[in-house]
Amino acid sequence: MLTLHNTLTGHKDAFQPLDPQRVTLYVCGPTVYNYVHIGNARPVVVFDVLYRLLSRLYPKVVYARNITDIDDKIITACAETGEPMTALTERFTDAFREDMAALNTLQPDIVPKATDHIGEMTAMIETLIAKGHAYEADGHVLFAVESMPDYGKLSGRNLEDMRAGARVEVADYKRHPGDFVLWKPSSDDQPGWESPWGRGRPGWHIECSAMIHKHLGDVIDIHGGGQDLIFPHHENEIAQGCCAHGTEYVRYWMHNGYINIDGEKMSKSLGNFRLVRDLLEKFPGEVLRFALLSSHYRSPLNFSAELLEQAESSLDSLYYALLGRGETVHADPDFRLPEDHPVLTALLDDLNTSEAISALHAVAARLNKAALEEKPTLKAELQAAAQLLGLLEADPSAWFQDKKAGDDGLDNATIDGLVAERTQAKKDKNFARADEIRDQLKDAGIQLEDTREGTRWTRG
RNA sequence: GGCGCGGUGGCAGAGUGGUUAUGCAGCGGACUGCAACUCCGUAUACGCCGGUUCGAUUCCGACCCGCGCCUCCA
């Protein structure tokens with residue numbers, strides 16, 4: 001049984017899909033005005049694991065993750081670069097797709113773009129106005145939070161507190177300080193679309209509600225995102241979705257914790273972010289993925305070079321188990337991971353990825369110790385279990401040989417030649433020459449290992 | 001001010017009312033021509049103070065410290 005921590009209830013709940021034949025998952029995607037940082041990547045990787053898990057448990061999972069390609073930050077970025085909006089957003093959408101692919105995440109089934117859904121958004125806004133949940137004022141359309149009795153239920157706040165705690169100047173056309181924009185007017189130099197309220201553009205929250213409604217339905221099973229989206233974004237989505245369609249909108253809300261740098265939240269506004277793109281220059285994507293999964297998704301994760309180095313060492317040891325001691329082992333193609341496998345049960349417990357990784361190491365240890373005839377099954381077990389986490393999908397020898405190719409200035413053929421020369425030297429008991437070659441390669445970052453089946457080499 | 005989260009061994013990081021987390025790094029040993037990999041063994045821990053209990057890192061209360069949201073943000 002799968003249990004998930006639901007922000008709405010505040011504790012772990014048994015997951016019961018509305019329709020077990022069609023589980024629906026929506027995750028908030030990026031606003032494409034910049035390259036994404038590792039904090040943006042965390043929910044993508046976390047919910048990728050959830051997607052893999054759900055796909056094992058249910059016959060059909062529909063996973064959607066949006067692209068926000070209209071937003072004031074985008075307009076600002078365009079003004080700075082002088083680039084047309086679609087050129088800029090397409091550039092960063094492509095970059096996002098590439099970066100996430102490098103982290104070995106699966107493509108969602110649906111990747112809707114906000115600008116393709118302006119019609120759905122205006123239709124939803126009209127519904128909200130018709131039902132008395134929204135009003136037009138000063139060229140804007142605003143959601144009236146007081147029209148919704150349980151507004152604030154996700155983030156645990158009430159309207160009185162919000163009025164008292166308002167830290168920003170409230171626009172005078174708002175009936176209540178908590179009222180939020182559904183549609184706002186665009187000036188002539190800003191991107192905009194014709195609407196019943198004049199030329200304008202959508203507010204931030206409406207796109208997700210409209211796209212969920214169109215692609216997934218009136219009610220979805222799981223909606224995920226970063227903790228900072230709980231308020232106001234997801235609270236307002238609930239308001240829109242519930243009030244427009246008279247449903248509960250989302251049944252399970254899941255939120256991942258932040259990534260910190262030196263104990264402080266990593267964010268674009270603080271300027272202490274690490275771009276995925278830059279990190280990929282130094283570490284394989286799988287190392288970044290492993291680091292992101294090394295702690296529980298709801299805990300803060302302190303990001304550092306040491307974290308990545310430890311992740312790489314740990315991942316190496318798992319790949320070493322697959323690589324073996326020189327013997328040739330083919331994974332058993334008929335192996336199927338049992339329902340009570342420790343890696344699976346760890347993930348079923350609210351995605352306990354650190355425990356799952358621990359269980360992975362236990363399988364690797366058994367594989368390392370196993371008799372040759374037991375290795376095909378254990379190798380298949382390790383790969384099948386790791387697949388749930390999106391790990392260990394590379395060829396083991398390619399993992400070691402290719403991961404830092406180019407750093408040492410040696411191509412694989414040259415290395416193979418030196419290794420062959422050393423093997424001959426060893427045969428001739430010329431250990432001085434053999435060690436000289438090994439030291440030379442070691443200085444270039446290449447380790448040699450003598451196995452029963454011959455010498456093999458690894459980078460990094 | 002309102003709401004919420006967390007403080008675990010050198011580092012990362014799970015978990016539990018009594019029994020080894022796990023990984024990385026360290027130390028000792030086996031293997032090896034020497035190494036590497038692997039295996040075996042091993043040290044170091046649960047913020048502080050009370051309470052409940054036969055027994056608490058795990059439950060309860062107070063305190064200290066750190067962090068987050070309340071405003072764009074994964």
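Proteins come first, then strands; the chains are lettered A, B, ... in the order of their sequence lines, and each starts at number 1.
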List for me each residue that meets ring pair (Phe, Tyr, Trp, His ring centres under 6.0 Å) alongside A:Tyr26, sequence neighbours excluded, and say none if there are none.
A:His223
Mind checking side chain to side chain contact (heavy atoms under 4.5 Å, CB included) for A:Gln424 and listing every partner two or more places apart, or none if nothing turns up?
A:Lys427, A:Asp428
Excluding sequence neighbours, so at least two apart, what forms ring pair (Phe, Tyr, Trp, His ring centres under 6.0 Å) with A:Tyr252?
A:Phe15
What integer distance in Å separates A:Asn302:CG from B:rG13:P?
7 Å
In residues 416-426 of chain A, what residues come within less than 4.0 Å of RNA chain B, judged by heavy atoms?
A:Arg422, A:Lys426
Could you tell me how far apart A:Asp350 (CG) and B:rA14 (P) are, to the nearest whole angstrom?
12 Å
Can you tell me whether the side chain of A:Lys265 and the base of B:rC73 have a donor-acceptor pair closer than 3.5 Å?
yes
Using a 3.5 Å cut-off on both pairing distances, which stems of three or more Watson-Crick or G-U pairs include RNA chain B?
B:1-7 with B:64-70, B:10-12 with B:22-24, B:26-30 with B:38-42, B:49-51 with B:59-61
Any base atoms under 4.0 Å from A:Asn260, or only sugar-phosphate, or nothing? Heavy atoms, all strands.
nothing
Scanning both residues in full, the closest heavy-atom pair of A:Lys265 with A:Asn272 reads O-ND2, 3.1 Å
Summary of ring pair (Phe, Tyr, Trp, His ring centres under 6.0 Å) pairs that have at least one residue in residues 384-403 of chain A, sequence neighbours excluded
A:Tyr319-A:Trp399, A:Tyr320-A:Phe400
Residues two or more places apart in sequence or in another chain: which of them pass ring pair (Phe, Tyr, Trp, His ring centres under 6.0 Å) with A:His296?
none
Just the atom pairs and distances: protein N or O near nucleotides 40-44 of chain B's N or O, under 3.5 Å.
unit_1: B:rC40; atom_1: OP1; unit_2: A:Lys369; atom_2: NZ; d: 2.7

Should A:Asn40 be listed as having a side-chain N or O under 4.0 Å from OP1 or OP2 of B:rC73?
no
Does A:Trp204 have a side-chain nitrogen or oxygen under 4.0 Å from the phosphate oxygens OP1 or OP2 of B:rC73?
yes
Just list the side-chain donor-acceptor pairs under 3.5 Å for residues 96-105 of chain A, sequence neighbours left out, or say none.
unit_1: A:Arg97; atom_1: NH1; unit_2: A:Asp94; atom_2: OD1; d: 3.3
unit_1: A:Arg97; atom_1: NH2; unit_2: A:Asp94; atom_2: OD1; d: 3.4
unit_1: A:Glu98; atom_1: OE1; unit_2: A:Arg277; atom_2: NH2; d: 2.9
unit_1: A:Asp99; atom_1: OD1; unit_2: A:Arg277; atom_2: NE; d: 3.2
unit_1: A:Asp99; atom_1: OD1; unit_2: A:Arg277; atom_2: NH2; d: 3.2
unit_1: A:Asn104; atom_1: ND2; unit_2: A:Gly390; atom_2: O; d: 2.9
unit_1: A:Asn104; atom_1: ND2; unit_2: A:Glu393; atom_2: OE1; d: 2.9
unit_1: A:Thr105; atom_1: OG1; unit_2: A:Met100; atom_2: O; d: 2.7

Is there, by distance only and without an angle test, a donor paired with an acceptor across the side chain of A:Arg42 and the base of B:rA74 below 3.5 Å?
no
Would you please name every residue forming a ring pair (Phe, Tyr, Trp, His ring centres under 6.0 Å) with A:Phe143, sequence neighbours left out?
A:Phe180
Its contact letters, B for base, S for sugar-phosphate only and - for none at protein heavy atoms under 4.0 Å, make nucleotides 22-30 of chain B read SBB------
Proximity to RNA chain B (any heavy atom under 4.0 Å), residues of residues 370-381 of chain A only:
none
